[in-house]
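Each residue takes its place number in the sequence, starting with 1. All heavy atoms count here, side chains included; hydrogens, waters and symmetry mates do not. The structure presented is a predicted model; accordingly, all values stated were derived computationally and were not measured.
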Amino acid sequence: MKFTRLESLRLVLGEQFIAPEELQSVFPGAAEIPQDLPFSSEEFRLAQKAAEKGGDLPKPLDAIARGDMLLVPRIRQMDGKPLTIAAMIERYPQAFDRRFLEKVGYQLKEEWGILLEPLARTETPTVGWAVVTRKPLSRTFNRTYDEQTKVLDEWASPWTQDGWSVRRRRAVEIVYDLLVFWLLRKERLLSAQWDWSSSRTVDRGILNVGGFSENGMQILSYSAAVRHGALGVCPNLSR
């Protein structure tokens, strides 16, 4: 039996792959849903071969199939409105730890919460496919923000040589990815870890997202000098 490209990916990638049509079930009116997957014809051929007869997969398909990475389509609109952090909190409040939404305080301010930040209502995901590590890179734990960035740049080198762009996720993208996999796969990613984003608050704190327990995910902000044993970076790959 000859599988189509999409069918092949479903078979070899399994639950680590979010199909475009699944988004409509959790984000009604989702617009600009990406369709063209970020893989070459040769990579698709190997995926089809693996689905039909078995065999090795090229990276990052092998990493996704093993469960080390995730493949997710990102959108930026729902029901004709921007898909922001505030919009996701409003639609799925049960997914968020409300203790960290308003006036909780943090390192730089006595009273702070993500809903008090302008970017909570302006920042949207970049439309397209993203390959993301399931967990933060272990080498990025217990490092300052700038130290983490150096580790990320080193890790990214072989990927960029293969044509991938590598960066930190924006805060809204971390929230989006966690929400999508929780709603569609019933899995709480980053349940005891946090991903430090590239999104900065008005006073130059840097947002991180994680701690996705039964109380909901946490959205926090730290100064760039902070070090934490569970705060790292989940690289975002795109083509």
Is there a path of hydrophobic side-chain contacts, each under 4.5 Å between heavy atoms of I/L/V/M/F/W/Y residues, joining [Y] to [X]?
| X | Y | answer |
| --- | --- | --- |
| V151 | M69 | no |
| W182 | M78 | yes |
| W164 | V127 | no |
| F141 | V132 | no |
| L183 | V175 | yes |

Are any non-hydrogen side-chain atoms of [X] and [Y] less than 4.5 angstrom apart?
| X | Y | result |
| --- | --- | --- |
| V172 | R76 | no |
| F27 | D79 | no |
| P28 | R91 | yes |
| V12 | L57 | yes |
| K135 | C234 | no |
| L231 | N142 | no |
| S213 | S191 | no |
| R74 | R169 | yes |

Salt bridge (charged side-chain N to carboxylate O under 4.0 Å, His left out) for E154 and R139? Distances and angles first, verdict last. CA-CA 11 Å; E154 293 171 1; R139 290 173 53 209; 2.8 Å; yes

Keeping the roles fixed (side chain from [X], backbone from [Y]), state whether a donor-acceptor pair exists under 3.5 Å.
| X | Y | result |
| --- | --- | --- |
| R143 | Q148 | no |
| E173 | R170 | yes |
| S238 | A130 | no |
| E22 | A19 | yes |
| Q77 | L83 | no |

For [X] versus [Y], what's the shortest heavy-atom pair and its separation?
| X | Y | answer |
| --- | --- | --- |
| A171 | S199 | N-OG, 2.9 Å |
| V202 | P118 | CG1-CD, 3.7 Å |
| P235 | W155 | CB-CZ3, 3.4 Å |
| A224 | T144 | O-CB, 3.4 Å |
| P34 | P73 | CG-CB, 3.6 Å |
| Y92 | V26 | OH-O, 2.6 Å |

Working for side-chain contact (heavy atoms from CB on, under 4.5 Å), residues L23 and I18: CA-CA 8 Å; L23 296 180; I18 300 294; 4.2 Å; yes

Counting only heavy atoms not in E214 (residues, nucleotides, ligands), do more than 12 fall under 6.0 Å from its CD?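 No - once you tally the heavy atoms of other residues, nucleotides and ligands closer than 6.0 Å, there are 12 at most.
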
Test: [X] and [Y] ion pair at under 4.0 Å:
| X | Y | result |
| --- | --- | --- |
| E123 | R200 | no |
| D195 | R168 | no |
| K81 | E90 | no |
| E147 | K150 | no |
| D68 | R134 | no |

Working to the nearest 0.5 Å, report the span between [atom1] of [X] and [atom2] of [Y].
| X | Y | atom1 | atom2 | value |
| --- | --- | --- | --- | --- |
| L9 | Q48 | CG | CD | 8.5 Å |
| M217 | L178 | CE | CG | 5.0 Å |
| L184 | E187 | CG | CD | 11.5 Å |
| L13 | I64 | CG | CD1 | 5.5 Å |
| L37 | Q35 | CG | CD | 8.5 Å |
| R98 | L101 | CZ | CG | 5.0 Å |

Just say parallel, tilted or perpendicular for the rings of H228 and Y222, cut-offs at 30° and 60°. parallel

Sequence-distant partners of A156, side-chain contact (heavy atoms from CB on, under 4.5 Å), two or more places apart: T160, V166

Can you list the residues that meet the side-chain contact (heavy atoms from CB on, under 4.5 Å) rule with T84, with sequence neighbours excluded? P82, A86, A87, T124

Report the C-alpha distance between L237 and W129 in whole Å, list the side-chain angles of each, state the deciding distance to 0.1 Å, and finish with yes or no for side-chain contact (heavy atoms from CB on, under 4.5 Å). CA-CA 9 Å; L237 286 71; W129 287 93; over 6 Å; no

Do T201 and D203 have side-chain N/O donor and acceptor atoms under 3.5 Å apart? yes

Regarding Q16 and R185, is there a side-chain donor-to-acceptor distance under 3.5 Å anywhere?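 No donor-acceptor contact under 3.5 Å links the two side chains.
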
Report yes if the distance between the aromatic ring centroids of F96 and F212 is under 6.0 Å, otherwise no.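 Centroid separation for F96 and F212: 6.0 Å or greater.
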
Let's go through D177 and L70 carefully: what are the C-alpha distance in whole Å and the side-chain angles of both, what is the deciding distance for side-chain contact (heavy atoms from CB on, under 4.5 Å) to 0.1 Å, and is it a yes or a no? CA-CA 9 Å; D177 294 350; L70 310 166; over 6 Å; no

Please report the C-alpha distance between I114 and I85 in whole Å, then the side-chain angles of each, then the deciding distance to 0.1 Å, and finally whether the side-chain contact (heavy atoms from CB on, under 4.5 Å) criterion is met. CA-CA 9 Å; I114 185 59; I85 291 175; 4.1 Å; yes

With sequence neighbours left out, the residues meeting ring pair (Phe, Tyr, Trp, His ring centres under 6.0 Å) with Y145 are W196

